[in-house]
There are 2 protein chains.
Amino acid sequence: MKNSPQEIGKSVKKRRQAVGITQQNLALVSGTGVRFIVDLEKGKPTCHWGKVLAVLDALGLQVVLESR
Amino acid sequence: MKNSPQEIGKSVKKRRQAVGITQQNLALVSGTGVRFIVDLEKGKPTCHWGKVLAVLDALGLQVVLESR
DNA sequence: TCCAAATATTCCCTATCGGTAATAATCACA
DNA sequence: TGTGATTATTACCGATAGGGAATATTTGGA
């Protein structure tokens with residue numbers, strides 16, 4: 001599945017590394033915690049929805065819903 | 001903010017109504033519960049990430065990350 | 001080899017989620 | 001506009017786990 005927490009977690013990690021910030025800084029900027037960033041990037045499916053969006057936003061990413 | 005749980009919740013609701021199924025059926029199809037669908041559509045930020053994706057998938061929607 | 005970065009662990013309060021049942025809000029139609 | 005029917009929302013329950021902070025441990029790059 002393309003739309004899995006795992007896949008998106010990978011995208012987040014890639015993006016973060018491309019931007020060149022550490023997990024700690026991303027946690028700070030996005031108002032979450034390091035644990036959360038690690039979990040998200042690992043694809044934990046039970047992360048909180050709003051925080052995921054906050055992290056994406058902090059990375060300059062926007063969620064677009066595309067009809068499949 | 002465009003990328004908020006509220007906004008996306010609205011999109012989900014619209015989409016569900018467009019597809020023409022009830023919250024109960026969507027809950028069934030997506031393997032969640034009615035309460036979850038209600039919460040998601042209302043924009044509750046603490047919904048579980050993986051379940052949100054499951055619902056979107058059940059609605060034929062795909063998450064795309066767009067650079068902002 | 002060495003150090004920053006990443007990941008794992010522990011503690012602990014709080015909240016999520018599903019199923020069901022009751023209530024409220026909407027809708028269809030005459 | 002009134003009435004019945006379908007749909008949406010809320011409350012309740014308890015087991016489970018989310019996640020921040022701090023710390024320990026591992027990994028990876030120069």
Side-chain angles (χ1 to χ4, degrees):
Chain A
M1 156 143 21
K2 167 73 169 54
N3 233 25
S4 67
Q6 286 80 21
E7 286 302 320
I8 299 185
K10 281 186 196 168
S11 300
V12 167
K13 184 166 192 169
K14 269 188 190 169
R15 173 72 172 197
R16 177 179 59 78
Q17 293 175 331
V19 171
I21 61 175
T22 99
Q23 293 177 321
Q24 201 150 64
N25 279 338
L26 181 52
L28 265 180
V29 171
S30 61
T32 64
V34 179
R35 257 266 301 283
F36 181 82
I37 303 295
V38 173
D39 287 343
L40 172 57
E41 291 186 352
K42 297 206 82 166
K44 188 195 237 183
T46 49
C47 289
H48 283 194
W49 171 223
K51 287 172 187 286
V52 174
L53 290 178
V55 170
L56 292 176
D57 191 66
L59 285 174
L61 290 175
Q62 187 173 347
V63 170
V64 178
L65 298 184
E66 208 169 72
S67 208
R68 183 164 40 71
Chain B
M1 160 149 12
K2 168 73 168 53
N3 233 24
S4 67
Q6 286 81 18
E7 285 302 320
I8 299 184
K10 281 186 197 169
S11 300
V12 168
K13 183 166 194 170
K14 270 188 189 169
R15 173 72 172 194
R16 176 179 60 79
Q17 294 176 330
V19 170
I21 61 175
T22 93
Q23 293 177 321
Q24 204 148 61
N25 279 337
L26 181 53
L28 266 179
V29 170
S30 61
T32 65
V34 178
R35 269 250 327 283
F36 181 82
I37 302 295
V38 173
D39 288 342
L40 172 57
E41 291 187 352
K42 295 206 83 167
K44 189 197 236 181
T46 50
C47 289
H48 285 193
W49 173 221
K51 285 172 186 289
V52 174
L53 290 179
V55 170
L56 292 177
D57 192 65
L59 285 174
L61 291 175
Q62 186 172 351
V63 169
V64 178
L65 299 183
E66 207 169 73
S67 208
R68 186 166 35 74

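Worth knowing before you read on, the calculation uses all heavy atoms, side chains too, and leaves out hydrogens, waters and symmetry mates. Every chain is numbered from 1, with letters handed out A, B, ... down the list of sequences.
- Comparing D:dG20, C:dT16, C:dC17 against the side chain of A:T32 picks out D:dG20 as the nearest.
- Distance from the side chain of B:K44 is smallest for C:dC17 among the nucleotides C:dC17, D:dG18, D:dA8.
- What separates CD of A:Q17 from C1' of C:dA4 is a distance of 14 Å, to the nearest Å.
- Residue B:K13 places none of its side-chain N or O atoms closer than 4.0 Å to OP1 or OP2 of D:dA8.
- Listed pair B:K51 / C:dC17 fails the phosphate criterion, with no side-chain N or O lying under 4.0 Å from OP1 or OP2.
- Here D:dA8 presents its C1' atom at 16 Å from CG of B:L28, a figure rounded to the nearest Å.
- For the atom pair CD of B:Q23 and CZ of B:R35, the computed distance is 12.5 Å after rounding to the nearest 0.5 Å.
- In this structure, B:R35 does not reach the D:dC12 phosphate: none of its side-chain N or O atoms is under 4.0 Å from OP1 or OP2.
- For A:R16 (side chain) and A:L59 (main-chain N/O), no donor-acceptor pair under 3.5 Å exists by modelled atom type.
- Between D:dG20, C:dT7, D:dG18, one nucleotide has an atom nearer to the side chain of A:F36 than all others, and that is D:dG20.
- Of the side-chain N and O atoms in B:Q24, none sit less than 4.0 angstrom from OP1 or OP2 of D:dA8.
- As a whole-Å value, the separation of B:W49 CH2 from C:dC17 P is 14 Å.
- Picking from D:dT9, C:dT7, C:dC17 the nucleotide with the shortest atom distance to the side chain of B:Q23 gives D:dT9.
- Comparing atom distances between the B:T46 side chain and each of C:dC17, C:dT16, D:dT7 picks out C:dT16 as nearest.
- D:dT9 atom C1' lies 11 Å from atom CD of B:E41, rounded to whole Å.
- The nearest whole Å value for the distance from the NE2 atom in A:H48 to the P atom in D:dA17 is 13 Å.
- Rounded to an integer number of Å, the gap from CG of A:L40 to C1' of C:dT7 is 15 Å.
- With rounding to the nearest 0.5 angstrom, the CD atom of B:E41 is 13.0 Å from the CZ atom of B:R15.
- Atom P of nucleotide D:dG20 and atom CD1 of A:I37 are separated by 8 Å, given to the nearest angstrom.
- When the side-chain nitrogen and oxygen atoms of B:K42 are compared with OP1 and OP2 of D:dT10, one or more of them lie within a distance under 4.0 Å.
- Put simply, CD on A:Q6 and NZ on A:K42 are 11.0 Å apart, with the number rounded to the nearest 0.5 Å.
- For the pair A:T22 and B:C47, both in contact range of DNA chain C, the more 5′-proximal nearest nucleotide belongs to A:T22.
- Where A:D39 and B:V38 meet DNA chain D, the nucleotide closest to each residue was compared, and B:V38 sits on the side nearer the 5' end.
- Taking CG of B:L56 as the reference point, atom CG of A:L65 lies at 5.5 Å (rounded to 0.5 Å).
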